[in-house]
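Working notes for the structure below.
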Amino acid sequence: MENKRYGHFDDQQREYVITDPRTPWPWINYLGNEDFFSLISNTAGGYSFYKDAKFRRITRYRYNNVPMDNGGRYFYINDGQAVWSPGWKPMKTPLDFYECRHGMGYTRITGRKNGVEASVLFFVPLKTWAEVQKLTLTNQSQEVKTLKLFSFEEWCLWNAATDMENFQRNFSTGEVEIEGSTIYHKTEYRERRNHYAYYHVNAEIQGFDTDRETFVGLYNEFSNPDAVMEGRPRNSHAHGWSPIASHYIEVTLQPGESKDLIFLLGYVENEQDKKFSAPQVINKDKAHATIEKLNTTEKVDMAFAQLCDYWDRLLDIYHVSTGNPKLDRMVNIWNQYQCMVTFNFSRSASFFESGVGRGMGFRDSNQDLVGFVHQIPPRARERIIDIASTQFPDGGCYHQYQPLTKRGNNDIGGGFNDDPCWLIFGTVAYIKETGDFSILDEMVPFDNQPGSEVTLFEHLKVSMDHVINNLGPHLLPLIGRADWNDCLNLNCFSWDPNESFQTTENKSEGSKAESLMIAGLFVVTGKQYVELCRKLGKDAEADRMQQAVDAMIAAVKKDGWDGEWYLRAYDYFGRKIGSNECEEAKIFIESQGWCTMAEIGAEDGMVGKALDSCKKYLECEHGMVLNNPAFTKYIYEYGEISSYPEGYKENAGIFCHNNPWVIIGETLAGRGNDAWSHYAKILPSYVEEKYQTLHKVEPYVNCQMVAGKDAFRPGEGKNSWLTGTAAWMWLTVSQYILGIKPQYDGLQIDPCLPETAKDYTIQRRFRDAEYTITIHPNGSQKGVKQVVVDGKAIEGNTIPYAAGKHIVEVTM
Ligand code: BGC
Ligand code: NOJ
């Protein structure tokens, strides 16, 4: 495999710098923090949406198309000699220079051609429903340059799903308005819809286009639109078909001269009684107001500085200096950044998730918030309430909800029996970070039904009870539709290739299918629940749950152990899955991860043996695979997992998401060398060079899956960005490897390191305190000997919380 490089990290700027536009796969970034979001590739492909990638898609994007990554915010420059785009695409005219810098909430793409530089800064300002595109044109030559500049965006007709299919209707609905230098997209803006979008530039325009076919030409492509190639806009007015927005601007630049143009892609919602300024004319006040706030270079630079400031503050909360740039850049920059993105997007919109299939997952969002809670706790709090509101009175829950409506998604339904436990996992992480126990008293409905409200604590209780009330013949948790592994469908029994494994009705009635993954998860979250109850003085409830936890531990030891590792499950008929007795898939990672995290049978050597088995059977050059050996045929009783070819996805792919479970298991067992070697294998910066071509996807974030050892091309990555891997990598490194764990009463210091670890320092803001913690590992893998806070040695290894600045010295 050729070892070509497409880019490198710039830690000073917190950027990844892409120097060749032909990356092995589009390498993308995310813009936006709260309501207005954009995806942007290294060639400016991608799209924008408001809150919900399905129902409020603002610009159109064509997934899995030819060429790849088709559609975006494009600029065309016609200089009389050549027509080129600063991001190389869509023109693909060879550039004299190309660079894309993906940073924290912004992307800057620069191209140079024939003595002109065009640099575009893309970002979504804080609290703004718009994407800014600041284009800076510089004449670096000795001659006067006269350029014809065309911008381009294609509107999506709001619902991204029907936009791709209902053409008999779509081709007749499109409507626009043009006012000065602003093009408004107002399709269906009648009595029912109250929102529109706009594309503005802060300069006088010499023409425009809003009809795609007129601009591009029916038999042309984005790489040779008629209007651009001819250097003449058509001033077209879209009625139906496919509305677009393109500005035409003539720019003259003296030698050395530079000009900024601010483009703004915005979204507006109007109140019902203020929708129109005249019959059929949209009320543009809100658009005008946003434009007014961002119509000069100074204002935009200020907004950009605020965004950078915001990220400085967020990334200041946990900052490590180990002297190892590969580790520091992931911990301090990219892992935390990816956690924010997954928290915002759940699994809805990436270059692998089309934004129409999935809303916010119940388990996914709870996990994501654990990676995010230290950044903006109030948003994690809000998320917990939203998630809990989609729960049913018996503790079960909708598997997903739509961010726009916050209602449970009926297409997917519920019955995933791991889901309830994750609510404890998320809520405990929130309280430990913030000390805010008041969240437990919030009144939260079931299934969003007014009148059904009970306290959040009550939701946690019914969550635990849901597991207890759904035990199988071995007193292990019944799996339901599935546990964390959506593809281990033990009650599905699908022979019909037209059925979706994910949505088809399950036959859980009378099923004996039990999950060891849920068993481990129950023990981990059960212990958390017990600790919480004790903290709240609810001792009877704590005792009750402790008994259930003890019973679960006993059940796992009795019927969940296979001799060298934990079983994975029992199937519908009560037969073992993930056992040495099985023909294929003798061992699975999920139960090893959760049962070692739960430390079940540690005293009997079970944990150590299970961890060794992971190394022996699951580990390979690129990480640990999900199961081994891979399934080579479809198994009716197991479902989707066995529908994947060997080594991909849930069938023995390296599902990065669950490698950290085993790594945490390793740290709890004190095996720092092993924990580190597993961790480094899936740490993007560690594999950056090797993976530039093999791995294919972005080298600055984790992907969901790396093809496993049984795959045709082991090491190839897929499904980047939106994955629980982000939060789990963060939890692993911040709390278990580097060892700073928020507790109800303070910060516990308990690192687990490779023997080679050197002294390191962590800056940690925690509630109203700021700790500077220096750890001296002294060659030991685990075990804190002494903690000195502000010059005084403390008892144990938990720094009692106290507001203010503190200096901490830790000796291992
Ligand atoms: C994927 C899973 C995913 C599930 C639900 C399956 O096809 O393999 O990773 O969780 O769909 O969207
Ligand atoms: C991706 C899903 O988002 C997640 O919920 C699930 O646990 C994993 N795939 C494993 O199937």
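We count ligands from 1, going down the list as the structure has it; atoms in each ligand are counted the same way. Residues: numbered from 1 along the sequence shown.
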| remark: When distances are taken from atom 11 (O) of ligand 2, the protein heavy atom at minimum range is E650 OE2, 2.5 Å

| query | Which is it for F501 and ligand 1 at heavy atoms under 4.0 Å: side chain, backbone, both or neither? | reply | neither

| request: State which residue, out of R347, R358, Q704, fulfils the side chain to side chain donor-acceptor pair (under 3.5 Å) condition with E353. | output: R358

| message | Cation-pi check for F343 against R383: NZ or CZ below 6.0 Å from the six-membered ring centre and within 45 degrees of the axis, yes or no? | response | yes

| said: With nothing but distance in play, are any N or O atoms of H399 less than 3.5 Å from an N or O of ligand 2? | reply: no

| query | Is it the case that S515 and D483 place a side-chain donor and acceptor less than 3.5 Å from each other? | reply | yes

| message | Checking H474 against E514: is there a side-chain donor and acceptor pair closer than 3.5 Å? | response | yes

| query | Name the one of D163, D69, N70 that satisfies side chain to side chain donor-acceptor pair (under 3.5 Å) with Y61? | reply | D69

| query | For the side chain to side chain donor-acceptor pair (under 3.5 Å) test, which of W721, Y337, Y700 pairs with N29? | reply | Y337

| said: Using the ring centroid of each side chain, check whether W661 and H678 are separated by less than 6.0 Å. | reply: no

| task | From atom 6 (C) of ligand 1, work out which of M705, E640, R358, E353 has a heavy atom at the shortest distance. | result | E640

| request: Below 4.0 angstrom from a heavy atom of Q704, which ligand 1 atoms are there? Numbered from 1 as shown, please. | output: 9 (O)

| said: Do S579 and D562 pair up side chain to side chain, a donor and an acceptor below 3.5 Å, judged on atom types alone? | reply: yes

| Distance filter under 4.0 Å to Q704 heavy atoms, resulting ligand 2 atoms | 1 (C), 9 (N)

| Numbering as shown, the atoms of ligand 1 that approach Y644 to under 4.0 Å (heavy-atom distance) | 1 (C), 6 (C), 7 (O), 8 (O)

| message | Among all protein heavy atoms in this structure, tell me which lies nearest to atom 6 (C) of ligand 2, with the distance rounded to 0.1 Å. | response | W484 O, 3.2 Å

| request: Have a look at Q502, E650, R363, R347 and point out the one with the heavy atom closest to atom 2 (C) of ligand 1. | output: E650

| Within 45° cone and under 6.0 Å: R57 NZ/CZ vs Y47 ring | yes

| To which of D418, L626, D364 does the heavy atom nearest atom 4 (C) of ligand 2 belong? | D364

| remark: Note: ligand 2 atoms sitting under 4.0 Å from heavy atoms of R363 are 4 (C), 5 (O), 6 (C), 7 (O)

| said: Below the 3.5 angstrom mark, is there an N/O of D486, backbone or side chain, next to an N/O of ligand 2? | reply: yes

| message | Which of the numbered atoms in ligand 2 are under 4.0 angstrom from any heavy atom belonging to R358? | response | 2 (C), 3 (O)

| remark: Within 4.0 Å of some non-hydrogen atom of D486, the atoms of ligand 1 are 3 (C), 4 (C), 5 (C), 10 (O)

